[in-house]
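Reviewing the structure listed below.
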Amino acid sequence: MNNSELDYWFDPSSRTLEELRILQNKAIENLSLEDGFGKIEKIAGVDCAYFDNKIVCAMPVLDYTSLDVIEKKHVVQKVPLPYIPTYLNFREGKAIASVFMELENKPDLIVFDSCGINHPIKAGMATYFGVVMDVPTIGVSKKILCGDSETPVEVGESQKLVYEGEQVGWLLKSNKRSNPIIVAPGHKVSVDSSLEIVKHCLKGYKLPEPTRLAHMHAAEAKKEILEQNDRD
DNA sequence: GCGACAG
DNA sequence: ATCTTGTCGC
Ligand SMILES: [Mg+2]
C-alpha cells in the first residue's frame with residue numbers, strides 16, 4: 001500500500017459525495033463474511049479523538065490471550081472531511097491506515113469503534129478498511145446507524161440486528177449499567193465469530209478492551225498535545 | 001417533504 | 001466527536 005493507493009481509497013478531497021459513494025461500492029465488491037483468519041494471537045483496537053480540526057488516531061495491539069498491550073501508536077493529522085453519516089470511512093480512514101502501517105506488530109484482526117456491514121450499503125468504517133487493506137476487522141459501535149433489533153437485557157445476552165431482512169450484526173448487553181453495544185462483522189469475519197471475539201475481549205466494561213484502550217490512548221495523546229501547546 | 005443518522 | 005461537576009443509584 002503506497003501513498004497514491006492510500007489517497008485513492010481514503011482521500012476525500014476534491015471528490016464529491018457521489019464519487020465517494022462509488023468508491024464505497026467498488027470496495028464492497030471484495031467483501032467476505034467468511035472467517036479469513038487463523039489462530040488469533042494479536043488483536044488491535046482503533047479509535048479517534050478530535051481538536052482544532054485535527055484528528056488523533058490511536059491503535060493499541062493486544063495479546064489475544066491475556067489482553068495485555070503489546071504496542072501502541074498514534075498519529076495526528078488534519079481532519080479531511082466533516083462528519084457526514086455513512087461517510088465516516090473518509091473522515092477517519094486515512095489516519096487509521098497511517099497508524100496501522102506504523103505498527104511493528106501486525107495484528108491478526110482489528111476492532112473498530114464504528115460500523116461494519118451494519119451500514120446502508122455495508123460500507124461501514126470497519127468493513128471498508130478491512131477490504132481495502134485486506135485485514136480481518138470487526139465493528140463495535142455505541143449507537144445504531146441502521147437496522148432493527150430487540151433489546152438484550154441480561155449481561156452477556158445478545159439479539160440479532162437485522163437490516164433489509166438480513167442479519168448484519170448483534171446488540172450485546174456487555175455490562176450491567178450500560179446500554180447494549182452493537183457488534184458487526186467488518187471483513188473476513190463471520191456474523192457469529194464477530195460476537196464470539198468481542199465477548200472474549202470483554203473485561204467488565206461497556207467496550208471490549210481493544211476499543212476501550214484505543215479510546216483512552218487517543219484521549220491521552222490529545223491531552224498531552226493540548227498541554228504542550230499551552231506551554232509554547 | 002420529513003425525520004433518522006456510526007463518530 | 002466536543003464542551004464538563006456534580007450527583008443519583010447499585
Ligand atoms: Mg470513536
Side-chain angles (χ1 to χ4, degrees), chain A residues 10 12 17 20-21 24 27-28 31 45-59 74-99 110-132 137-149 153-155 161-164 168-187 194 198 204-208 210-227 229-230:
Chain A
F10 295 109
L17 290 183
L20 296 182
R21 188 66 86 205
Q24 292 182 325
I28 296 321
L31 164 63
V46 62
D47 190 29
C48 306
Y50 298 84
F51 73 95
D52 293 344
N53 207 36
K54 292 285 200 315
I55 177 175
V56 181
C57 179
M59 185 176 279
H74 75 268
V75 299
V76 180
Q77 299 181 1
K78 285 186 178 180
V79 174
L81 188 75
Y83 169 66
I84 303 173
T86 74
Y87 292 91
L88 186 65
N89 59 314
F90 294 109
R91 179 173 165 81
E92 305 188 330
K94 179 77 176 290
I96 296 176
S98 298
V99 241
I110 306 172
V111 182
F112 286 69
D113 178 57
S114 54
C115 294
I117 62 169
N118 50 335
H119 171 285
I121 62 169
K122 293 186 179 358
M125 179 70 248
T127 298
Y128 189 88
F129 187 93
V131 172
V132 170
T137 62
I138 291 175
V140 175
S141 48
K142 289 147 293 191
K143 291 186 294 186
I144 295 175
L145 171 60
C146 67
D148 295 287
S149 167
V153 178
E154 305 300 324
V155 175
L161 174 64
V162 177
Y163 182 64
E164 294 184 332
V168 293
W170 310 85
L171 251 70
L172 171 63
K173 182 71 175 174
S174 60
N175 187 302
K176 185 177 183 181
R177 57 189 170 285
S178 309
N179 290 324
I181 56 176
I182 297 90
V183 179
H187 178 56
S194 68
V198 168
Y205 296 95
K206 176 176 185 176
L207 301 175
T211 292
R212 190 179 73 84
L213 295 175
H215 185 81
M216 292 182 73
H217 293 159
E220 287 166 9
K222 167 184 171 178
K223 185 180 179 184
E224 289 174 21
I225 294 171
L226 290 177
E227 293 177 340
N229 286 345
D230 288 336

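We name chains A, B, ... by the order of the sequence lines, and we start the count at 1 in each one.
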Query raised in the report: Measuring from A:Met125:CE to A:Cys115:SG, what's the distance to the nearest 0.5 Å?
Result: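 If I round to the nearest 0.5 Å, the distance is 11.0 Å.
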**Report entry** Residue mapping more 5' on DNA chain C - nearest nucleotide basis, A:Cys48 or A:Lys176
**Finding:**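 The residue whose closest nucleotide sits nearer the 5' end is A:Cys48.
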Query raised in the report: If each of A:Asp47 and A:Arg177 is mapped to the nucleotide of DNA chain C with the nearest heavy atom, which maps nearer the 5' terminus, i.e. the 5' end?
Result: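 Going by which nucleotide is closer to the 5' end, it is A:Asp47.
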Mind calculating the distance between [atom1] ([X]) and [atom2] ([N]) to the nearest angstrom?
| X | N | atom1 | atom2 | answer |
| --- | --- | --- | --- | --- |
| A:Leu81 | C:dA1 | CG | C1' | 14 Å |
| A:Asn179 | B:dA6 | CG | C1' | 15 Å |
| A:Ile84 | B:dA4 | CD1 | C1' | 16 Å |
| A:Asp148 | B:dC5 | CG | P | 11 Å |
| A:Ile138 | B:dA6 | CD1 | C1' | 16 Å |
| A:Leu145 | B:dC5 | CG | P | 9 Å |
| A:Asn53 | B:dG7 | CG | P | 20 Å |
| A:Leu88 | B:dA6 | CG | C1' | 6 Å |

Assign [X] to base, sugar-phosphate, or nothing according to its heavy-atom contacts below 4.0 angstrom with the strands shown.
| X | answer |
| --- | --- |
| A:Ile182 | nothing |
| A:Ser114 | base |
| A:Tyr87 | base |

Report task. Answer yes or no: does atom CD of A:Glu154 have more than 12 heavy-atom neighbours from other residues, nucleotides or ligands under 6.0 Å? Result ->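 Counting other residues, nucleotides and ligands, CD of A:Glu154 stays at 12 neighbours or fewer.
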Query raised in the report: Does OP1 or OP2 of B:dA4 have a side-chain N or O of A:Lys143 closer than 4.0 Å?
Result: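 So the side chain of A:Lys143 is outside the cut-off, no N or O lying under 4.0 Å from OP1 or OP2 of B:dA4.
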Query - Pair A:Tyr50, A:Glu92: side-chain N/O donor-acceptor within cut-off below 3.5 Å - result: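 Present: a donor and an acceptor within the cut-off.
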Query raised in the report: Taking the side chain from A:Ser174 and the backbone from A:Lys206, do they hold a donor-acceptor pair closer than 3.5 Å?
Result: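 Yes: the side chain of A:Ser174 pairs with the backbone of A:Lys206.
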Report task. Indicate yes or no for a side-chain donor-acceptor contact from A:Ser194 to the backbone of A:Val183 under 3.5 Å, with no hydrogens or angles considered. Result ->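 Checking the backbone N and O of A:Val183 against the side chain of A:Ser194, no donor-acceptor pair under 3.5 Å is found.
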Query raised in the report: If you check the A:Lys222 side chain, which of C:dC3, B:dA6, B:dG7 turns out closest?
Result: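 The answer is C:dC3.
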Report task. Report yes or no: is the ring centroid of A:Tyr83 under 5.5 Å from the six-membered base ring centroid of C:dA1, with the two planes under 30 degrees? Result ->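 Whether judged by distance or by angle, A:Tyr83 falls short somewhere, so it does not stack on the base of C:dA1.
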